[in-house]
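One structure below.
The sequence lines fix the lettering, A, B, ..., with proteins before strands; numbering per chain opens at 1. Only heavy atoms go into these numbers, but all of them, side chains included; no hydrogens, no water, no symmetry mates.
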There are 2 protein chains.
Amino acid sequence: MMKCEQCIVKQFNALKSLEKDDLIRISGCKTSKFIKKGEILFREGESINGVYCIKEGVCKLTKLSANGKDQIVKLVVRGDLLGQRSLVTDEKSNLTAIAVNEMEICFIPKSEILHDLSKNANFSLDMLQDMAKELRIADNIIVDMAQKSVKQRLADVLIYLDQAFDKDERGYVGVMLSREDYANLVGTATESAIRILSQFKKEGYISTTGKHIKIIDLEGLKRIE
Amino acid sequence: MMKCEQCIVKQFNALKSLEKDDLIRISGCKTSKFIKKGEILFREGESINGVYCIKEGVCKLTKLSANGKDQIVKLVVRGDLLGQRSLVTDEKSNLTAIAVNEMEICFIPKSEILHDLSKNANFSLDMLQDMAKELRIADNIIVDMAQKSVKQRLADVLIYLDQAFDKDERGYVGVMLSREDYANLVGTATESAIRILSQFKKEGYISTTGKHIKIIDLEGLKRIE
DNA sequence: TATATACTATGATATTTATCATGTTTTAAT
DNA sequence: ATTAAAACATGATAAATATCATAGTATATA
């Protein structure tokens with residue numbers, strides 16, 4: 001099994017601020033596993049008791065709203081940590097994590113992370129900075145949700161996917177989401193998401209083959225209003 | 001001028017984790033001032049270079065959306081800190097802060113806070129916990145913005161104001177907002193906010209006298225859908 | 001106290017979005 | 001390969017919300 005101190009993924013998250021000794025210690029008690037598409041890592045209301053480091057794959061963080069629909073709050077990708085928020089506040093998870101595709105993840109027990117938070121100021125600061133950035137992003141999403149039309153928000157999602165995920169050989173976006181996922185990302189009815197994607201296709205902004213989507217006119221999408 | 005080490009307000013924020021020595025040091029370089037209703041503490045895009053501690057009053061944090069409307073992202077009250085996010089990431093402010101009523105605030109320069117963050121693990125952890133809580137709240141607002149109707153969101157705002165602000169002698173909510181503020185909190189047109197408040201009044205959930213609002217039927221508001 | 005200005009209110013209408021219905025296509029399982 | 005289930009698509013309609021128009025009301029300021 002890959003050791004933390006040799007793992008390249010940690011460069012993308014706060015674990016990069018740990019010393020070699022600490023990484024070796026963490027490596028000794030971490031567990032690693034593969035998750036199939038659609039599997040649930042943890043549910044809203046469950047205790048996580050540690051932090052997941054995403055080594056490969058994508059997962060969606062969702063929350064069930066009062067009207068019974070799942071809202072996707074964010075997508076978590078290779079290199080991201082998962083569960084820091086609940087760990088720090090010692091609360092149950094506020095969100096449900098579901099694999100969007102095949103994933104490989106490592107789980108680091110709570111006690112190890114807390115140990116480092118209390119001893120290593122760099123690590124704490126790095127974690128604090130990550131959380132601060134997440135907060136800025138969340139604030140911006142609030143503004144977009146409140147002020148932009150469904151069509152704009154869906155265009156935004158496509159723009160985000162285009163820049164955040166590698167494309168395959170044929171230029172298709174490197175993550176495949178269902179139309180329902182798109183709807184749950186922008187907060188609309190599935191039919192509305194389908195309709196707007198059809199319209200984007202008709203108007204030449206994107207091309208689609210099943211769940212595969214290719215962005216054809218990124219600048220056009222940015223001009224949607 | 002009130003000294004930090006004697007100030008009761010710090011109990012409500014991360015500054016409570018500092019030792020007396022540190023508080024005295026901070027007290028020595030803080031500045032304190034009064035802000036009039038409507039005044040701007042700082043604008044989106046400006047460098048804050050420190051942290052504000054709210055000793056008295058309320059301010060709104062807004063962001064201008066692409067369509068030219070201000071969205072109120074949150075209300076900040078007595079005891080809250082302001083500017084930690086930008087301080088930690090060393091970014092310009094993402095939001096504009098505007099006083100909702102008469103305020104008294106203290107400003108602590110960046111260098112002092114950074115000094116404590118690097119030396120005091122308790123302080124860092126406390127800050128981290130505050131930010132983690134803010135993040136949870138922001139995630140929940142995203143879900144509400146995406147999934148709830150305007151009417152539900154406005155009811156939620158009233159419920160929040162009812163529990164977050166003291167009432168005056170006659171039972172009116174202790175903070176006065178314009179109808180436009182209500183609209184900018186829920187992300188709707190001012191006319192829509194006015195209409196829904198009128199409806200709530202007609203249906204006996206609230207009573208209003210100008211900007212003064214009294215919650216009459218809290219449970220009723222919670223049942224709005 | 002007069003007067004301008006901002007805020008509140010409400011009707012009429014247009015636009016956006018959700019819901020319901022129905023059929024097709026894709027995917028997964030036997 | 002066959003069949004059931006899930007996902008996609010689209011029309012028709014209803015409901016929610018925005019926009020435009022107009023007028024009353026409060027508030028500040030000269």
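When the nucleotides C:dT17, C:dT10, D:dT17 are ranked by their closest atom to the side chain of B:Thr188, D:dT17 comes out on top. Out of D:dA9, C:dT17, C:dA9, the shortest distance to the side chain of B:Ser198 is found at C:dA9. Considering only side-chain atoms of B:Glu180, the nucleotide from D:dA18, D:dT10, C:dC7 that sits closest is C:dC7. In this structure, of D:dT17, D:dT19, C:dT8, it is D:dT17 that holds the atom nearest to the side chain of B:Ser149.
Across the protein-nucleic acid pair, A:Phe200 atom CZ and D:dA9 atom P stand 14 Å apart, rounded to whole Å. Per the geometry, NZ belonging to B:Lys211 stands 8 Å off C1' belonging to C:dT8, to the nearest Å. Rounding to whole angstrom units, NZ of residue B:Lys36 and P of D:dA28 are separated by 14 Å. Atom NE2 in A:His212 sits about 8 Å away from atom P in C:dT27, given to the nearest Å. One interatomic measurement links the two molecules: CG of B:Leu197 to C1' of C:dC7, which rounds to 13 Å at whole-angstrom precision. Straight-line distance from the CD1 atom of B:Ile196 to the P atom of D:dA15: 17 Å, rounded to whole Å. The interatomic distance linking A:Lys201 (NZ) with D:dC8 (P) rounds to 12 Å, in whole Å. Rounded to whole Å, atom P of C:dT16 lies 17 Å from atom NZ of A:Lys148.
Residue A:Ser192 places at least one side-chain N or O closer than 4.0 Å to OP1 or OP2 of C:dA18.
Taking 3.5 Å as the limit, the base of D:dT25 and the side chain of B:Arg179 contain no donor-acceptor pair of atoms between them. Side chain B:Arg195 to base D:dT19: a donor-acceptor pair is found below 3.5 Å.
Using modelled atom types, one finds no donor on one side chain facing an acceptor on the other under 3.5 Å when comparing A:Ser178 with A:Glu180. Between the side chains of B:Asn184 and B:Lys69, no donor-acceptor pair is found at a separation under 3.5 Å.
The number of heavy-atom neighbours closer than 6.0 Å to NZ of B:Lys151, taken from other residues, nucleotides and ligands shown, is 12 or below.
Along DNA chain C, the nucleotide nearest A:Glu191 and the nucleotide nearest A:Lys151 are compared for position; the residue whose nucleotide lies closer to the 5' end is A:Lys151. For A:Ser178 and A:Ala146, each mapped to the nucleotide of DNA chain D holding its nearest heavy atom, the one lying further toward the 5' end belongs to A:Ser178. Between A:Gly210 and A:Ala189, the one whose closest nucleotide on DNA chain C sits nearer the 5' end is A:Ala189.
Between B:Tyr52 and B:Phe42, the angle of the ring planes stays under 30°, which puts this pair in the parallel group of the 30/60° scheme. Ring geometry for A:His212 against A:Tyr172 counts as perpendicular: the plane angle is over 60°, on a 0 to 90° scale with 30° as the lower cut.
Within the nucleic acid shown, A:Thr190 has no heavy atom closer than 4.0 Å to any nucleic acid atom.
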